[in-house]
Amino acid sequence: MITGIKGFNDILPGEVETWQHIEAAARRVFGCYGFSEIRIPILEKTELFCRSIGDTTDIVEKEMYSFVDKGENAVTMRPEGTASVMRAYIEHKLYAQDPVAKLYYLGPMFRYERPQKGRYRQFHQIGAEVTGVTDPKVDAQVLTMLCHFFAELGLTEPTLQINSLGCPDCRPAYREALKGFLRERLDRLCDDCKRRYETNPLRALDCKSAHCKEATADAPAMLDHLCPACNGHFAATRRHLERVGTPYAINTRMVRGLDYYTRTTFELVTGLLGAQSAVAAGGRYDGLIADLGGPGIPGIGFAMGVERVALLLKEQTFARRPDLFVAALGEGAQDEAFLLMSSLQRLGFTVEMDYEGKSLKSQMRRADKLNARFTLIIGGDELLRGSAVLKNMDAGSQGDVALKPETIASHLRIDKP
RNA sequence: GUGGCUAUGGUGAAGCGGUUAACACUAACGACUGUGACUCGUUCAUGCGUGGGUUCGAAUCCCACUAGCCACCCCA
């Protein structure tokens, strides 16, 4: 048996409806905020991700599906979407028409990691980006839209956490202050944090080890070291969130894995997904567009893990319910049933029948199994009279109807959800 | 890359060295005599992840592989 590749999953009927539900909600909600979809390629030049995500991040160092194609180009299957969206924004000079772009995307991303709950090698993200606005109202807007999306799905559990990472003016000084703090406690930190002290000291703030949490309990916070501009930006973001009623919590220990983030960063976290607590995450990236060779235009955005959202919706079913099942007895009735079914399908109804002429009992069982709203029973007698029996499967009631598509359609429209 | 746990049919599983490999669900067909749900009956693993070994005898014990899951690192 040929099996799929580790970490690459099939999304089967039964669960794909959940995905469609999530995607439809995203399109609906994002549309309210003026976002347009952008479709970007799965393969990009490897250089794009090295420049944007950061050469020394784990994603670039060990998790990318990179290879050399037949034209000897170094290419990579995208590990995230923001870099590609910004590349397209710059390449097509979208900023020339209007520097403010509100874009969303959805599709597969690829990272070579060991799979676990809520984490796969091919996974899917829905992301949104806004370029060209520095004003904190847009920070609040993006966060509010994200929360709106989850509310639309009926999910209240993931909570919003926000933080500010400062900018190139204030972060270096904070980084040194934090290193100074950690230096005096190095012997109390775990091996991972000793390594982080060199590579990315901010990471020590969200270490899972109880010892490290204790040792860094009163570490200096970035929020206390923001420059006046960043401080004002963060305060205004908070004020706008409060005014529109988007609940949030400040998490001074939240750090981001990608190098391009500045100022506002955020995560939507849940306790229901094991080790994968982040359902969606993002932040401001005011330097990214310039780093990629574009103009000095700011940006902010987020990405959510569709698998993780689907896991939160796990218990709900979004199965489609047929409007009608046509049961027929005998050759002539079967042919008539097929014709009728086709007519009703063209009228927009979901209609099913048994294709192989089984017993009436067997057909009724199938109608029940498919959870059809109505069943139409066509036998030899009915065919001659030009009528059939229409049965309401929920109520159990039934009556004669004329064998005409329009007549049956009018019955089906009653109480149609 | 590192660690832990688990592998019996389409699914959930019982089995603990000698059984026709339970039971339940699903599915197919049938009974209740052109109509589903409830009830009942029949059918569905020559095989227990793969390969070795121990034994008169292995799904059951041992070893090695492989796969899956969860966790670490990291991350949506």
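Below, all heavy atoms of this structure are taken into account, side chains as well, without hydrogens, waters or symmetry copies. Note on naming: letters A, B, ... go to the chains in the order of the sequence lines (proteins, then strands), and numbering restarts at 1 for each one.
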### Message
Expressed as a whole number of angstroms, how long is the span from A/R119:CZ to B/A76:P?
### Response
10 Å
### Message
Between A/Q122 (side chain only) and A/N9 (backbone N and O only), is there a donor and an acceptor less than 3.5 Å apart?
### Response
no
### Query
Given atom CZ of A/R195 and atom P of B/U2, what is their separation to the nearest angstrom?
15 Å
### Base B/G36 to side chain A/R373, donor-acceptor N/O within 3.5 Å cut-off
no
#### Entry: Test log, rule salt bridge (charged side-chain N to carboxylate O under 4.0 Å, His left out), inputs A/R195 and A/D192
CA-CA 5 Å; A/R195 198 191 73 238; A/D192 282 328; 3.1 Å; yes
### Message
Using a 4.0 Å heavy-atom cut-off, does A/Q398 contact any base of the nucleic acid, only the sugar-phosphate backbone, or nothing at all?
### Response
base
### Task
Could you check how far NZ of A/K358 sits from P of B/G36, rounded to whole Å?
16 Å
### Query
So what does A/A278 hit on the nucleic acid, given a heavy-atom distance under 4.0 Å: a base, only sugar-phosphate, or nothing?
sugar-phosphate
### Message
Say we look at B/C44 and B/G10: how far apart would their C1' atoms be, to the nearest angstrom?
### Response
10 Å
### Task
Using the P atom as the reference point in each nucleotide, state the distance between B/A13 and B/C69 in Å, no decimals.
16 Å
### Query
Is atom CZ of A/R320 surrounded by more than 12 heavy atoms (other residues, nucleotides or ligands) closer than 6.0 Å?
no
### Message
Rounding to an integer number of Å, can you tell me how far A/Y104 OH sits from B/A76 P?
### Response
22 Å
### Per A/K6 side chain, nearest of listed nucleotides B/G68, B/C75, B/U35
B/G68
#### Entry: For B/C16, the Watson-Crick or wobble partner whose two distances fall under 3.5 Å
none
### Query
Under a 3.5 Å cut-off for both distances, is B/A67 Watson-Crick or wobble paired, and to whom?
B/U6
### Task
Provide the distance between the two C1' atoms, one in B/C75 and one in B/A59, to the nearest whole Å.
40 Å
### Task
Answer with base, sugar-phosphate or nothing: what part of the nucleic acid does A/K208 contact at a heavy-atom distance below 4.0 Å?
base
### Message
Taking the ring of A/Y104 and the ring of A/F30, is the distance between their centroids below 6.0 Å?
### Response
yes
### Task
Taking A/D206 for its side chain and A/R253 for its backbone only, find out whether a donor-acceptor pair lies under 3.5 Å.
no
### Query
Would a distance-only check, ignoring hydrogens and angles, find a side-chain to backbone donor-acceptor pair under 3.5 Å from A/N392 to A/S397?
no
### Any strand: nucleotide that pairs with B/A24 via Watson-Crick or wobble, under 3.5 Å
B/U11
### Query
Hey, does the Lys NZ or Arg CZ of A/K391 hover above the aromatic six-ring of A/F374, less than 6.0 Å from the centre and inside 45° of the axis?
no
### Query
Which value, in whole Å, describes the distance between the P atoms of nucleotides B/U8 and B/G49?
6 Å
### Query
For A/L273 and B/C69, what is the distance between atoms CG and P respectively, to the nearest whole Å?
15 Å
### Spacing of A/E80 atom CD relative to B/C74 atom C1', expressed in whole Å
15 Å
### Message
Let's see if you can work this out: which of B/U35, B/A71, B/A27 has an atom nearest to the side-chain heavy atoms of A/K117?
### Response
B/A71
### Task
Identify whether any heavy atom of A/G274 sits under 4.0 Å from a base atom; if not, whether one sits that close to sugar-phosphate; answer base, sugar-phosphate or nothing.
sugar-phosphate
### Query
So which nucleotide from B/C74, B/C29, B/U35 ends up closest to the side chain of A/D58?
B/C74
### Query
Which of these nucleotides, B/A76, B/G36, B/C74, is closest to any side-chain atom of A/R365?
B/G36
## Note on the structure
Regarding the side chain of A/S359, the nearest nucleotide among B/G30, B/C72, B/A76 is B/G30
### Rounded distance in Å between the C1' positions of B/U39 and B/C32
9 Å
### Message
Which nucleotide wins on minimum distance to the side chain of A/R203, given the candidates B/C29, B/C75, B/U35?
### Response
B/C75
### Task
Please figure out whether A/D368 or A/Y112 has its closest RNA chain B nucleotide nearer the 5' end.
A/Y112
### Query
How is A/T375 classified with respect to the nucleic acid when contacts are heavy atoms under 4.0 Å: base, sugar-phosphate, or nothing?
nothing
### Query
Roughly how many Å is it from CZ in A/F266 to P in B/A76, rounded to a whole number?
11 Å
### Task
Just call it for A/E61: base, sugar-phosphate, or nothing, with non-hydrogen atoms closer than 4.0 Å on any strand.
nothing
### Task
Quote, to the nearest angstrom, the C1' distance that separates B/A58 from B/U19.
14 Å
### Message
Within the 4.0 Å heavy-atom criterion, would you say A/L258 contacts the bases, only the backbone, or no part of the nucleic acid?
### Response
sugar-phosphate
### Summary
Across every strand shown, the nucleotide meeting Watson-Crick or G-U wobble geometry with B/G36 (both distances under 3.5 Å) is none
### Task
Check every strand shown and say whether A/G396 touches a base, only sugar-phosphate, or nothing at a heavy-atom separation below 4.0 Å.
base
### Query
Taking atom SG of A/C193 and atom CZ of A/R185, what is their separation to the nearest 0.5 Å?
13.5 Å
### Query
So which one's nearest nucleotide on RNA chain B is more toward 5', A/G380 or A/G7?
A/G380
### Task
Tell me what A/K391 touches on the nucleic acid: a base, only sugar-phosphate, or nothing, going by heavy atoms under 4.0 Å.
base
### Summary
Only residue of A/E44, A/E47, A/E129 satisfying salt bridge (charged side-chain N to carboxylate O under 4.0 Å, His left out) with A/R87 is A/E44
### Query
With both distances under 3.5 angstrom, what nucleotide forms a Watson-Crick or G-U wobble pair with B/C72?
B/G1
### Closest listed nucleotide, where the reference is the side chain of A/K361 and the choices are B/A76, B/C74, B/A31
B/A31
### Task
For A/T3, report the nucleic acid contact type (base, sugar-phosphate, nothing); a contact means any heavy atom under 4.0 Å.
nothing
#### Entry: B/U46 - base-pair partner by Watson-Crick or wobble geometry, distances under 3.5 Å
none
### Query
Which nucleotide, in any strand shown, forms a Watson-Crick or G-U wobble pair with B/C29, with both distances under 3.5 Å?
B/G41
### Query
Whole Å only: how far is the CD1 atom of A/I5 from the P atom of B/U66?
17 Å
### Task
Report the nucleotide, chosen from B/C74, B/A37, B/C75, that has the shortest atom-to-atom distance to any side-chain atom of A/R196.
B/C74
### Message
Counting the atoms with a prime plus P, OP1 and OP2 as sugar-phosphate, which does A/Y120 contact under 4.0 Å by heavy atoms, base, sugar-phosphate, or nothing?
### Response
base
### Message
Measuring only the C1' atom in each nucleotide, how far is B/C48 from B/A22? A whole number of Å is fine.
### Response
14 Å
### Summary
Pairing partner of B/A59, by Watson-Crick or G-U wobble and under 3.5 Å for both distances, is none
### Check: B/C75 base within 3.5 Å donor-acceptor of A/R114 side chain
no
### Task
State which of B/A76, B/A71, B/A27 makes the closest approach to the side chain of A/E307.
B/A76
### Message
Measuring only the P atom in each nucleotide, how far is B/A45 from B/C5? A whole number of Å is fine.
### Response
34 Å
### Query
With no hydrogens and no angle check, is any side-chain donor or acceptor of A/S209 less than 3.5 Å from a backbone partner on A/C190?
no
### Summary
Checking B/A27, B/G36, B/A71 against the side chain of A/Q116 (C-beta onward), the nearest is B/A71
